[in-house]
Amino acid sequence: MLKDLVYLNYWQRKELLRTKVLTFPVIKWWQSSELCEVERIIFDKVKDRKNILDIGAGDLKLKHKFQQAGYSGDYHTQDIGAEFAYDYNELSEIANQYSAIICLDVIEHLSLEEGLSLIHKLSSLLTADGVMIIQTPNGRCIRNPLISDMTHVHCYNLPDLWAYLTCMNLRVEGFRVVFEALDKSYLQRLQKLLARYIITRLFGLDYADNIFVVAHK
(Lines give C-alpha, C1' and ligand atoms only; values in the text may rest on other atoms or scores of the structure.)
Protein backbone atom coordinates (compact mmCIF):
# COMPACT_ATOMS: atom_id res chain seq x y z
CA MET A 1 0.00 0.00 0.00
CA LEU A 2 1.34 3.42 -0.96
CA LYS A 3 -0.02 5.02 2.23
CA ASP A 4 2.14 2.65 4.28
CA LEU A 5 5.22 4.39 2.87
CA VAL A 6 4.08 7.77 4.22
CA TYR A 7 4.21 6.54 7.83
CA LEU A 8 7.15 4.18 7.41
CA ASN A 9 9.50 4.65 10.40
CA TYR A 10 7.39 7.66 11.42
CA TRP A 11 8.37 7.83 15.09
CA GLN A 12 11.96 6.92 14.34
CA ARG A 13 12.07 9.91 11.99
CA LYS A 14 10.52 12.18 14.62
CA GLU A 15 13.05 11.09 17.22
CA LEU A 16 15.90 11.55 14.76
CA LEU A 17 14.79 15.10 14.01
CA ARG A 18 14.34 15.83 17.73
CA THR A 19 17.83 14.69 18.71
CA LYS A 20 19.89 15.65 15.65
CA VAL A 21 21.18 19.17 15.06
CA LEU A 22 20.91 19.74 11.33
CA THR A 23 22.79 22.28 9.25
CA PHE A 24 22.28 22.38 5.50
CA PRO A 25 24.62 24.62 3.50
CA VAL A 26 23.35 26.92 0.76
CA ILE A 27 24.48 26.29 -2.81
CA LYS A 28 23.68 28.25 -5.98
CA TRP A 29 22.04 27.48 -9.29
CA TRP A 30 22.16 29.76 -12.31
CA GLN A 31 21.38 29.40 -15.99
CA SER A 32 24.57 28.69 -17.92
CA SER A 33 25.97 26.67 -20.81
CA GLU A 34 28.59 25.40 -18.35
CA LEU A 35 28.13 23.66 -15.02
CA CYS A 36 26.75 25.89 -12.28
CA GLU A 37 27.54 25.19 -8.60
CA VAL A 38 24.69 22.70 -8.12
CA GLU A 39 25.55 20.85 -11.33
CA ARG A 40 29.23 20.83 -10.42
CA ILE A 41 28.44 19.13 -7.09
CA ILE A 42 26.33 16.53 -8.90
CA PHE A 43 29.05 15.98 -11.49
CA ASP A 44 31.71 15.49 -8.83
CA LYS A 45 29.52 12.82 -7.18
CA VAL A 46 28.92 10.85 -10.39
CA LYS A 47 31.86 11.54 -12.72
CA ASP A 48 33.66 8.29 -11.81
CA ARG A 49 30.55 6.12 -11.81
CA LYS A 50 30.14 3.35 -14.37
CA ASN A 51 26.63 4.34 -15.34
CA ILE A 52 24.01 7.01 -14.63
CA LEU A 53 20.22 6.91 -14.78
CA ASP A 54 18.63 10.35 -15.19
CA ILE A 55 14.97 10.25 -14.10
CA GLY A 56 12.85 13.05 -15.54
CA ALA A 57 15.63 13.92 -17.96
CA GLY A 58 13.60 16.69 -19.59
CA ASP A 59 15.40 18.57 -22.36
CA LEU A 60 18.59 16.47 -21.86
CA LYS A 61 20.69 19.55 -21.05
CA LEU A 62 22.24 17.90 -18.00
CA LYS A 63 23.29 14.86 -20.02
CA HIS A 64 24.95 17.05 -22.63
CA LYS A 65 26.68 19.20 -20.00
CA PHE A 66 28.07 16.14 -18.21
CA GLN A 67 29.35 14.60 -21.44
CA GLN A 68 30.96 17.90 -22.39
CA ALA A 69 32.57 18.03 -18.92
CA GLY A 70 34.15 14.63 -19.56
CA TYR A 71 31.74 11.94 -18.36
CA SER A 72 32.35 8.84 -20.49
CA GLY A 73 30.22 6.17 -18.81
CA ASP A 74 26.76 4.98 -19.82
CA TYR A 75 24.22 7.80 -19.36
CA HIS A 76 20.63 6.56 -19.63
CA THR A 77 17.56 8.77 -19.51
CA GLN A 78 13.91 8.32 -18.54
CA ASP A 79 10.98 10.67 -18.99
CA ILE A 80 7.27 10.35 -19.74
CA GLY A 81 7.40 13.24 -22.23
CA ALA A 82 7.49 12.87 -26.00
CA GLU A 83 9.44 16.01 -26.98
CA PHE A 84 12.87 14.34 -26.78
CA ALA A 85 14.25 10.83 -27.28
CA TYR A 86 14.84 8.91 -24.03
CA ASP A 87 16.18 5.45 -23.28
CA TYR A 88 13.11 4.70 -21.17
CA ASN A 89 9.62 6.13 -21.03
CA GLU A 90 8.32 4.06 -18.10
CA LEU A 91 10.04 2.94 -14.92
CA SER A 92 8.77 -0.58 -15.55
CA GLU A 93 11.09 -0.78 -18.57
CA ILE A 94 14.21 -0.40 -16.42
CA ALA A 95 15.90 -3.68 -15.50
CA ASN A 96 19.53 -2.53 -15.05
CA GLN A 97 21.23 -1.55 -11.81
CA TYR A 98 22.89 1.88 -11.72
CA SER A 99 25.77 3.21 -9.67
CA ALA A 100 24.27 6.74 -9.85
CA ILE A 101 20.68 7.90 -10.17
CA ILE A 102 19.74 11.55 -10.69
CA CYS A 103 16.17 12.71 -10.10
CA LEU A 104 15.85 16.48 -10.44
CA ASP A 105 12.55 18.38 -10.16
CA VAL A 106 10.35 15.29 -10.45
CA ILE A 107 8.84 14.24 -7.11
CA GLU A 108 6.95 17.52 -6.67
CA HIS A 109 4.81 16.51 -9.66
CA LEU A 110 3.55 13.46 -7.74
CA SER A 111 1.42 12.95 -4.66
CA LEU A 112 3.34 12.27 -1.44
CA GLU A 113 2.53 8.56 -1.67
CA GLU A 114 3.65 8.38 -5.30
CA GLY A 115 6.78 10.45 -4.66
CA LEU A 116 7.92 8.22 -1.81
CA SER A 117 7.13 5.13 -3.88
CA LEU A 118 9.37 6.52 -6.63
CA ILE A 119 12.19 7.10 -4.14
CA HIS A 120 11.97 3.48 -2.95
CA LYS A 121 11.90 2.25 -6.53
CA LEU A 122 15.00 4.26 -7.43
CA SER A 123 16.81 3.04 -4.31
CA SER A 124 16.11 -0.55 -5.42
CA LEU A 125 17.76 0.21 -8.78
CA LEU A 126 21.02 1.32 -7.12
CA THR A 127 24.08 -0.88 -6.94
CA ALA A 128 25.41 -1.76 -3.49
CA ASP A 129 27.62 1.34 -3.40
CA GLY A 130 25.33 3.56 -5.46
CA VAL A 131 24.41 7.20 -4.99
CA MET A 132 20.99 8.80 -5.53
CA ILE A 133 20.62 12.55 -6.04
CA ILE A 134 17.24 14.24 -5.63
CA GLN A 135 16.30 17.89 -6.09
CA THR A 136 12.86 19.37 -5.51
CA PRO A 137 11.30 22.73 -4.57
CA ASN A 138 11.65 23.78 -0.93
CA GLY A 139 8.36 23.53 0.94
CA ARG A 140 9.62 26.04 3.53
CA CYS A 141 10.48 28.71 0.95
CA ILE A 142 8.63 32.00 1.41
CA ARG A 143 7.81 31.82 -2.32
CA ASN A 144 5.24 29.00 -2.37
CA PRO A 145 6.49 26.40 -4.88
CA LEU A 146 2.93 25.54 -5.85
CA ILE A 147 2.37 28.94 -7.44
CA SER A 148 5.26 28.65 -9.92
CA ASP A 149 4.01 25.58 -11.81
CA MET A 150 0.45 24.28 -11.99
CA THR A 151 1.74 20.71 -12.32
CA HIS A 152 3.32 20.80 -8.85
CA VAL A 153 1.37 18.61 -6.45
CA HIS A 154 3.36 18.16 -3.23
CA CYS A 155 6.18 20.08 -1.50
CA TYR A 156 8.92 18.62 0.70
CA ASN A 157 10.95 20.24 3.47
CA LEU A 158 14.60 19.31 3.80
CA PRO A 159 14.69 17.97 7.40
CA ASP A 160 11.79 15.58 6.72
CA LEU A 161 13.26 14.34 3.44
CA TRP A 162 16.68 13.93 5.07
CA ALA A 163 15.15 11.94 7.94
CA TYR A 164 13.08 9.76 5.62
CA LEU A 165 16.10 8.81 3.51
CA THR A 166 18.28 8.32 6.59
CA CYS A 167 15.72 5.87 8.01
CA MET A 168 15.99 3.96 4.72
CA ASN A 169 19.57 3.23 5.86
CA LEU A 170 21.05 5.70 3.40
CA ARG A 171 23.85 8.13 4.24
CA VAL A 172 22.45 11.53 3.35
CA GLU A 173 23.90 14.97 2.65
CA GLY A 174 21.46 17.87 2.37
CA PHE A 175 21.73 21.28 0.71
CA ARG A 176 19.52 24.32 0.20
CA VAL A 177 19.51 25.77 -3.31
CA VAL A 178 19.11 29.42 -4.27
CA PHE A 179 18.52 30.64 -7.81
CA GLU A 180 21.01 33.45 -8.08
CA ALA A 181 22.79 35.32 -10.86
CA LEU A 182 26.52 35.88 -10.50
CA ASP A 183 26.63 39.52 -11.57
CA LYS A 184 24.74 41.24 -8.75
CA SER A 185 25.78 44.74 -7.71
CA TYR A 186 26.85 45.63 -4.17
CA LEU A 187 23.44 47.22 -3.48
CA GLN A 188 21.60 44.14 -4.79
CA ARG A 189 23.70 41.89 -2.57
CA LEU A 190 22.98 44.09 0.45
CA GLN A 191 19.23 44.04 -0.29
CA LYS A 192 19.38 40.26 -0.62
CA LEU A 193 21.09 39.87 2.76
CA LEU A 194 18.49 42.08 4.45
CA ALA A 195 15.62 40.18 2.84
CA ARG A 196 17.10 36.86 3.92
CA TYR A 197 17.48 38.07 7.50
CA ILE A 198 13.83 39.11 7.62
CA ILE A 199 12.62 35.86 6.00
CA THR A 200 14.54 33.58 8.37
CA ARG A 201 14.59 35.54 11.65
CA LEU A 202 11.22 37.31 11.62
CA PHE A 203 9.04 34.96 9.55
CA GLY A 204 10.76 31.67 10.45
CA LEU A 205 10.75 30.59 6.81
CA ASP A 206 13.45 29.92 4.24
CA TYR A 207 14.64 31.92 1.23
CA ALA A 208 16.16 28.90 -0.57
CA ASP A 209 14.09 27.95 -3.60
CA ASN A 210 15.00 24.27 -3.79
CA ILE A 211 16.33 21.47 -1.64
CA PHE A 212 18.91 18.96 -2.76
CA VAL A 213 19.97 15.63 -1.23
CA VAL A 214 22.76 13.18 -2.00
CA ALA A 215 21.94 9.72 -0.60
CA HIS A 216 24.62 7.02 -0.53
CA LYS A 217 23.84 3.32 -0.12
Side-chain angles (χ1 to χ4, degrees), residues 6 8-32 35-47 55-56 62 100-110 112 115-116 118-120 122-123 126 130-149 152 154-182 184 189 192-217:
V6 174
L8 180 68
N9 300 318
Y10 181 80
W11 291 109
Q12 182 184 352
R13 286 184 271 141
K14 290 295 185 185
E15 182 64 14
L16 185 61
L17 290 171
R18 187 185 70 82
T19 57
K20 184 78 172 180
V21 178
L22 300 174
T23 56
F24 300 115
V26 174
I27 56 178
K28 297 178 181 180
W29 182 93
W30 59 86
Q31 188 71 44
S32 171
L35 299 177
C36 67
E37 184 178 11
V38 173
E39 294 165 339
R40 173 57 62 180
I41 290 174
I42 300 173
F43 183 75
D44 288 343
K45 299 291 184 182
V46 305
K47 63 183 180 181
I55 297 292
L62 190 66
I101 296 178
I102 301 170
C103 182
L104 307 184
D105 302 314
V106 172
I107 58 174
E108 65 273 11
H109 297 276
L110 306 172
L112 177 59
L116 296 178
L118 174 60
I119 288 172
H120 281 270
L122 298 184
S123 179
L126 283 175
V131 60
M132 176 170 58
I133 298 169
I134 300 172
Q135 179 173 281
T136 189
N138 182 5
R140 293 193 66 243
C141 183
I142 194 168
R143 295 172 291 279
N144 187 338
L146 296 180
I147 68 175
S148 62
D149 189 329
H152 288 179
H154 182 80
C155 299
Y156 296 76
N157 70 72
L158 185 49
D160 271 352
L161 185 58
W162 173 88
Y164 194 95
L165 293 169
T166 298
C167 290
M168 288 174 60
N169 295 318
L170 300 170
R171 180 168 51 87
V172 188
E173 304 171 77
F175 303 88
R176 294 151 58 221
V177 179
V178 294
F179 301 155
E180 189 164 284
L182 294 179
K184 290 185 178 296
R189 291 196 296 269
K192 180 76 73 175
L193 288 174
L194 178 59
R196 290 177 176 180
Y197 180 88
I198 293 172
I199 289 168
T200 55
R201 300 301 178 89
L202 297 185
F203 295 155
L205 297 172
D206 199 354
Y207 56 84
D209 303 275
N210 275 15
I211 57 177
F212 174 83
V213 291
V214 180
H216 302 261
K217 259 197 168 181

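What's counted below: heavy atoms across the whole structure, side chains too, no hydrogens, waters or symmetry copies.
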Exercise. Going through the checks in order, is the side chain to side chain contact (heavy atoms under 4.5 Å, CB included) test met by Ile211 and Trp162?
Worked result: CA-CA 10 Å; Ile211 57 177; Trp162 173 88; over 6 Å; no

Problem set entry | Shortest non-hydrogen contact from Gly204 toward Arg140 | O-NH2, 2.6 Å

Seminar exercise, completed: Those residues at least two apart in sequence (or on a different chain) that pass side-chain contact (heavy atoms from CB on, under 4.5 Å) with Ile27 are Glu37, Val38, Ile41, Phe175, Val177, Phe212

Exercise. Which pair of heavy atoms, one from Leu62 and one from Glu39, lies closest together, and at what distance?
Worked result: CD1-CG, 4.0 Å

Exercise. Who passes side-chain hydrogen bond (donor to acceptor under 3.5 Å, both in side chains) against Gln12, sequence neighbours left out?
Worked result: none

Exercise. Which pairs, with at least one residue in residues 156-172 and sequence neighbours excluded, count as a salt bridge (Lys or Arg N to Asp or Glu O under 4.0 Å)?
Worked result: none

For this session: Identify the residue among Val214, Leu165, Ile119 that makes a side chain to side chain contact (heavy atoms under 4.5 Å, CB included) with Leu170.
Result: Leu165

Problem set entry | With sequence neighbours excluded, residues passing side-chain contact (heavy atoms from CB on, under 4.5 Å) with Ile199 | Ile142, Leu205, Tyr207

For this session: Considering non-hydrogen atoms only, spot the tightest contact between Cys141 and Ala208 and give its length.
Result: CB-O, 3.3 Å

Problem set entry | Verdict with reasoning, Ser123 to Lys217, per side chain to side chain contact (heavy atoms under 4.5 Å, CB included) | CA-CA 8 Å; Ser123 179; Lys217 259 197 168 181; 3.8 Å; yes

Exercise. Considering residues at least two apart in sequence or located in another chain, which fulfil the ring-ring contact (aromatic ring centres under 6.0 Å, His included) criterion with His109?
Worked result: His152

For this session: Could you pull out all residues at least two apart from Asn9 that satisfy side-chain hydrogen bond (donor to acceptor under 3.5 Å, both in side chains)?
Result: none

For this session: Give the minimum heavy-atom separation between Pro137 and Asn210, together with the two atoms involved.
Result: CA-OD1, 3.3 Å

Exercise. Of the non-hydrogen atoms in Leu146 and Asn144, which two are nearest, and what is the gap between them?
Worked result: N-OD1, 2.9 Å

For this session: Step by step, work out the side chain to side chain contact (heavy atoms under 4.5 Å, CB included) result for His154 and Leu110.
Result: CA-CA 7 Å; His154 182 80; Leu110 306 172; over 6 Å; no

Exercise. Of the non-hydrogen atoms in Val213 and Gly174, which two are nearest, and what is the gap between them?
Worked result: CG1-CA, 4.3 Å

Exercise. Are the side chains of Lys20 and Thr166 in touch, meaning some heavy atoms are under 4.5 Å apart?
Worked result: no

